[in-house]
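A short write-up of the structure that comes next.
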Amino acid sequence: MATASEVLSSFDVEVIRRDFPILERKVNGYPLVYLDNAATSQTPQQVIDVIVDYYSRYNANIHRGVHALSQEATDAYEHARQTIQEHFNAANPYEIIFTSGTTHGINLVASGFASLIQQDDEIIVSALEHHSNIVPWQMLCEKTGAALKVIPMTQSGELDMQAFEKLVNQKTKLVFVNHVSNALGTVNPIEEIIEKTHAVGGAVLIDGAQAAPHIKADVQALDVDFYVVSAHKMCGPTGVGVLYGKEEWLQKLPPYQGGGEMIDQVTFEKTTYAGLPHKFEAGTPNICGGIAFGAALDYLNTIGFEVIATYEEELLTYATQKLLTIDGLRIYGESKHKTAVISFNVGGIHPYDIGTILDKLGIAVRTGHHCAQPIMDFFCIPGTVRASFAFYNTKGEIDALVKAVQKAVQMLS
Ligand SMILES: *Cc1c(COP(=O)(O)O)cnc(C)c1O
């Protein structure tokens, strides 16, 4: 295996940073230090150019036009679908469904399962979920009479896999877990979860929103049934994402929304649905967003996911060591397998107060429960300060963060 310095031999973060115009900004008179990448990532010029080009040259509705612009837009959109298919190694382009993002993808699957689930069936979710993503499963269970089971977490912020083994059984129809927790950065053992769920005949939906910027998932190697992501966490625009679904599952699920694009024939007596992927793509999609998502994946793959992961691991190690030198600082989420996310508190200081002072110094972090209230309840805290890193961050920025946290602690205690 190549060493970290071999992997990073041609990586120059200062060159990469020039691709991101926003990183030249000042905030409150200080150079922007953007450490909120788990909420959304920044957009490189290469992707911005693709967006400008679309609206400047070939903005048109797709799939139904005979004119040149419509054809160009359709080609670019379908090319992006292929880029995404190759990136995640899906077997077929029509297994890639464009959505408005992760939330949409999860709701599409949850709503579709309503027709496949019966009373006394069981659905398993993990305690490490984004809480907005727990709601669709609660709704599904209310509608069907199925039971919702939760994989508990441990003090280190990992899933309790022994408990999972006891939960999964012949009644398990669907397991929903995030690949990486947005609140703590824990990388979950999805391979094991997929294998054990398949052994009892259940399906697995993985929320890859937080993993996708750091880990290139191979959906065929994972043998996962559904995998959802958002473009805006991986250098693409907001309002677009994809649902990968295995063909057999996408055939079984009913359409999510009715509208244009998703039908084959319509009469008032009966409508027949279009084939995949159009069955799930009602209405005019975010055409420019889809094309830009493809461009964002091209951008990330040019840097390379091994390089990205190796560099971010260095940032994580460096930031963890430096932050732990601060008296009273506690990090939540201590799994050995985590992405570059650090959730922390200092003594009894409210995270919001630290975040406000950091903002005054130009440092963008997130404070609060990170849409993961159950995790905060588990640790009996109102929330954390969360610094999340991307490949365009630097050790210099981490030094600025540490200095600013020290200053905040002095001011607040
Ligand atoms: C960001 C995030 C989501 C929500 O993504 P949207 O783009 O807002 O739909 C869901 N799950 C995880 C783990 C996330 O990090």
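Counting convention: from 1, in listed order, for ligands and their atoms alike. This chain uses plain numbering: 1 for the first residue, then up along the sequence. Hydrogens, waters and symmetry mates are skipped; everything else that's a heavy atom, side chains included, is used.
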State whether the shortest distance between N or O atoms of [X] and N or O atoms of ligand 1 falls below 3.5 angstrom.
X      : value
His130 : no
Asn133 : yes
Asn182 : no

When you look for heavy atoms under 4.0 Å from ligand 1, do you find them on the side chain of His104, its backbone, both, or neither?
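The answer is neither.
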Residue portion contacting ligand 1 (non-hydrogen atoms closer than 4.0 Å) for Asp207
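It is the side chain that touches ligand 1; the backbone stays farther off.
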Lys/Arg-Asp/Glu bridge criterion (N-O < 4.0 Å) met for Glu122, Lys173:
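Lys173 and Glu122: not salt-bridged.
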Any salt bridge between Arg17 and Glu397, counting N to O under 4.0 Å?
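Between Glu397 and Arg17 there is a salt bridge, with a charged N closer than 4.0 Å to a carboxylate O.
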Distance under 6.0 Å and angle within 45° of ring axis: Lys395 vs Tyr318:
yes
For [atom], grab the closest protein heavy atom and report residue, atom and distance to one decimal in Å.
atom                    : result
atom 2 (C) of ligand 1  : Lys233 NZ, 2.4 Å
atom 4 (C) of ligand 1  : Thr103 OG1, 3.8 Å
atom 15 (O) of ligand 1 : Gln210 NE2, 2.5 Å

Hydrogens and angles aside, do Asn37 and Tyr392 bring a side-chain donor and acceptor to less than 3.5 Å of each other?
yes
Check the orientation of Phe11 and Tyr311. Use parallel for under 30°, tilted for 30 to 60°, and perpendicular for over 60°.
tilted
Could you note down all residue pairs passing ring-ring contact (aromatic ring centres under 6.0 Å, His included) where residues 330-368 supplies at least one of them, sequence neighbours left out?
Tyr332-Phe379
Side chain to side chain contact (heavy atoms under 4.5 Å, CB included), that's the test. Do Asp36 and Val365 meet it? Break it down for me.
CA-CA 5 Å; Asp36 194 18; Val365 293; 6.0 Å; no
Atoms in ligand 1 flagged as close to Thr102, the criterion being non-hydrogen separation under 4.0 Å:
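What qualifies from ligand 1 is 5 (O), 9 (O), 10 (C).
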List ligand 1 atoms under 4.0 Å from Ser230, heavy atoms only on the residue side.
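So the answer, numbered in order with elements, is 5 (O), 6 (P), 7 (O), 9 (O).
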